[in-house]
Peer 1: 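Below is a structure I'd like to ask you about.
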Amino acid sequence: MPDEILKMQNITKVYPNGIVANKGVNFSVYAGEIHALVGENGAGKTTLMKILFGLEHPEEGAIYLKGEKIIISSPQVAIRHKIGMVHQHFMLVPSLTVAENIVLGMEPSRRGFIDIEKAIETTEKLSEKYNLKVDARAKIADLPVGQRQKVEILKALLRGAEILILDEPTAVLTPQETTELFSELVHLKNKGHTIIFISHKLKEIKEISDRVTIMRHGKNMGVYRTQDVTEEEISRLMVGRDVVLKVQKQKNKPGDAVLHVENLSYTDDYGKNVLKNISFSVRRGEILGIAGVEGNGQRELVEIVTGLRACQEGKIYISGKPVNNLSIKQIRELGTSHIPEDRMTYGVAGPASIGENLISDRFYKKEFNTGLFLNLKKLNELTARLAKEYTVKCSTPKLAVKMLSGGNIQKVVVAREFSSNPKLLIADQPTRGIDVGATEFIHKKLIELRDGGTAILLVSADLNEVMEISDSILVMYGGEVVAYFPDASRITEEELGLYMLGVKRQSAEEIGGAFYAKKHAV
Amino acid sequence: MDNLFNIIFSTNFGYAVLRVTTPILFAALAALISDRAGVINISLEGTMLAAALTGVIFSAYTGSAWVGLLFAVIAGIFMSSILAYFSLYLKTDIILGGIALNLMASGGTVFVLYLVAHDKGISASLASKVLPQIELPLISKIPVIGPVLSNHNVMTYFSLIAVIVVYYFLYRTPLGLRIRAVGENPDAADSVGISVRQIQFVSLIASGILAGFGGAYMSMGYVSWFSRDMTAGRGFIALAAEAMGMATPIGTFLASLLFGFADALSNSLQSLRIPAEFVQMIPYITTIIGLAIYASRRTQRAGAKTVRKEVKA
């Protein structure tokens, strides 16, 4: 019987906005193992680890370290219990050197001054001991991401971490850096450290971990010895569907293409290729769903198409017009609507009223103005009608939008974006975090819009949604399109899961089918 | 025109530049320390004013300029503690807090002045002391350099030493490292157990001490009395100097010298037949021009990055 170093029992965490991130989760790790914690984004793995590191506090449950119950109220307490965490977003000071970052908060000093040589010596010794090679004198700002990650790991080790939590450590790394990291992790394991490895990349999990805990929708779906499960089995447990929603819809009759994306590539600030040569079309009267685990380029794709992010390489056409680097307003004037992923930042202005939010895309138009002034009568009529038609639950459209529930805020966004008679609609996570009723309503409206001839690009992390609403499906993995299914009704979730997690990919021809080059709808 | 050059290339002018740079330099270093910790101290103007009056009053009552200096510094600490308490503990906006302190100091000093000196404009009736001038041995004998560098008020030399002290404090001490870390990435500092609030409090206090020195110099060195609103915007010019100096001690020193130059020029040109009102604008116009150049350079650099900031979902 291996030695159980850490046990989290019956952990329940409900965020103030009502999202239940963990539901009675049990989680345990053995001393000296590499334990993979897998699940889709939003499955609750990061929350669980934040609880372990004292960044979040659970509503229920207990944590036992070496059999003793402990309460972790802050990261400092976690560090004292020899638990360290390497965050997805590094906690480093860019203008300081590697050594300075590592000793920060526990600086060696001599006669009141920092003993820089001592700090460098400490860093180099540590770096040698754990075989994590870094240049102690280099500035963080000058280092590539892989090096920065090593600094973070060393920081935790210097503070005595025996249990090391790595939150999606490979998400920012190149394949070479990943290989290097893995050999370093094995080295750490051999030195007796316990590693918790958060990931959703199945190949990596198979390669590096001893055991794996699978989470889905805030629950633990099972713990396995990694060698006993196949990638397919893990994938099924990760992305399976809990409830099957049924949406009423007729088969579509797609027309000409409205949106063309041609050979789109994008490199982010860290030099990572987030999008690689993406091509596809969305046709009139068609809902094209993009399936994929979050963070595989979907966000960048949507932001480039809608003009929120500058386009680096490739071409985008809407109704036959090239829109590369047109302003957001110009893109919208071409008949594009956008339901953004983050509704509070890009969807609405929180303190503004429901009415003001409903007209924010058209207040400047001639029909709503009388000379210098807004035609309030006309605008009030419009907002009253929209609020009613889209069943926004409010006493008056003069209420500030932020007072509404998430579902009703989303209805305000949807009402504005759907009522402008769009030729193209980009719906990014249109029903995330909202109640079933509002979700159903939005789904119904999406299909109505499609039947009216709008071309719809639907991006969603919710597999149910993608499979039920879409007419055809694209799968994105690692910034690439890895599969295209012209008929969404003929694919199973198991199969989709394999593509989403990078286990399978289609041939270039099959993927190329997503691009309808010939005709443009105008 | 010849007159102008005669003025600028005289040793008197060189001496004057250092003399008028002193208060700006103290205040700019004060701005620097708090800025590096991520807190902007715009109450420097008021802090210097309060320190200037406090110094005059205590030197008059005790007969010692040094005691006056001590209390001026204490006044500086008091002012910045108020700012720190309100902004860090009560979470008020630090800009609004700074404005309030400036207004309070502007009115409050006149009120106290009237109580103590029975005058609403100047402290002439108080027998306040002046900090000593120092003749530098050897250097004072060198031609040109001697008259420029020697015989300054002791505070002028302190201000130059302060540049070096601040430099070593920020870059060579554990506290300085923490201040820089907190200012640049508070999350990183927090993640290793550094209390961000505590560090910011300490840097505001340090800022208050330096502004206290600057205020003391104004009323016990630059001139030998206190007069209402005598800081005349130097606390704000100092903020500009710190920004232009890219928040480094050496850069801040050079930028302060530039503003000192403008200030000295405006003083000297009043002897020529140029309207005094126009000449008095020079330091402030220099500030605006300096800030415009600094800002345009900074936006150019930022403009190179086309990508908007990543927003967490």
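Below, chains carry the letters A, B, ... as their sequence lines are ordered, and counting in each starts from 1.
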Peer 1: Given heavy-atom pairs under 4.5 angstrom as the criterion, report whether the side chain, backbone, both or neither of A:Phe90 touches chain B.
Peer 2: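 A:Phe90 touches chain B through backbone heavy atoms alone.
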Peer 1: Of all the heavy-atom pairs spanning A:Pro94 and B:Glu184, show the shortest one and how long it is.
Peer 2: CD-OE2, 3.0 Å
Peer 1: At a heavy-atom distance under 4.5 Å, which candidate from A:Ile114, A:Asn101, A:Val103, A:Leu55 has the highest pair count against chain B?
Peer 2: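 Result: the option with the highest number of such pairs is A:Ile114.
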Peer 1: Hey, which residues of residues 162-178 of chain B are touching chain A, say heavy atoms under 4.5 Å apart?
Peer 2: B:Tyr168, B:Arg172, B:Thr173, B:Pro174, B:Leu177, B:Arg178
Peer 1: Please confirm whether the backbone N or O of A:Val93 pairs with a side-chain atom of B:Asn185, one donor and one acceptor, at under 3.5 Å?
Peer 2: no
Peer 1: Should the heavy atoms of other residues, nucleotides or ligands under 6.0 Å from CD1 of A:Ile71 be counted, would the total exceed 12?
Peer 2: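 No - once you tally the heavy atoms of other residues, nucleotides and ligands closer than 6.0 Å, there are 12 at most.
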Peer 1: Hey, is CZ on B:Phe86 packed in by over 12 heavy atoms from elsewhere, all under 6.0 Å?
Peer 2: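 No, because the 6.0 Å sphere around CZ of B:Phe86 holds 12 heavy atoms or fewer from other groups.
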Peer 1: Side chain, backbone, both or neither: which part of A:Met106 has a non-hydrogen atom closer than 4.5 Å to chain B?
Peer 2: backbone
Peer 1: In terms of heavy-atom proximity below 4.5 Å to chain B, should A:Ser95 be classed as side chain, backbone, both, or neither?
Peer 2: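 A:Ser95 touches chain B through backbone and side-chain heavy atoms alike.
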Peer 1: So which pairs with a foot in residues 77-102 of chain A pass salt bridge (Lys or Arg N to Asp or Glu O under 4.0 Å), sequence neighbours left out?
Peer 2: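 Matches after skipping sequence neighbours: A:Glu100-B:Arg180.
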Peer 1: Examine whether an atom of A:Ile79 lies under 4.5 Å from a heavy atom of chain B, and if so say whether it belongs to the side chain, the backbone or both; otherwise answer neither.
Peer 2: side chain
Peer 1: Kindly write out the residues that satisfy side chain to side chain donor-acceptor pair (under 3.5 Å) with B:Thr156, not counting sequence neighbours, or none if the list is empty.
Peer 2: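 B:Thr156 satisfies side chain to side chain donor-acceptor pair (under 3.5 Å) with B:Thr22 only.
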Peer 1: So, taking the atom named NE2 in A:His87 and the one named OG in B:Ser191, what distance separates them when rounded to the nearest 0.5 Å?
Peer 2: 6.0 Å
Peer 1: More than 12 heavy atoms of other residues, nucleotides or ligands under 6.0 Å from CD of B:Gln198: is that the case?
Peer 2: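 Atom CD in B:Gln198 is not packed in, count stays at 12 or less.
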Peer 1: So which part of A:Pro108 gets closer than 4.5 Å to some heavy atom of chain B, the side chain, the backbone, both or neither?
Peer 2: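 Contact with chain B is absent: no heavy atom of A:Pro108 under 4.5 Å.
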Peer 1: Just jot down the side chain to side chain donor-acceptor pair (under 3.5 Å) partners of B:Asn41, sequence neighbours excluded, or say none.
Peer 2: B:Ser43, B:Ser207
Peer 1: Taking atom CG of B:Leu88 as the centre, does the number of heavy atoms from other residues, nucleotides or ligands within less than 6.0 Å exceed 12?
Peer 2: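 Yes - once you tally the heavy atoms of other residues, nucleotides and ligands closer than 6.0 Å, there are more than 12.
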Peer 1: Minimum heavy-atom separation for A:Gln76 and B:Gly193, please, with both atom names.
Peer 2: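 Scanning both residues, the minimum pair turns out to be NE2-CA, 3.0 Å.
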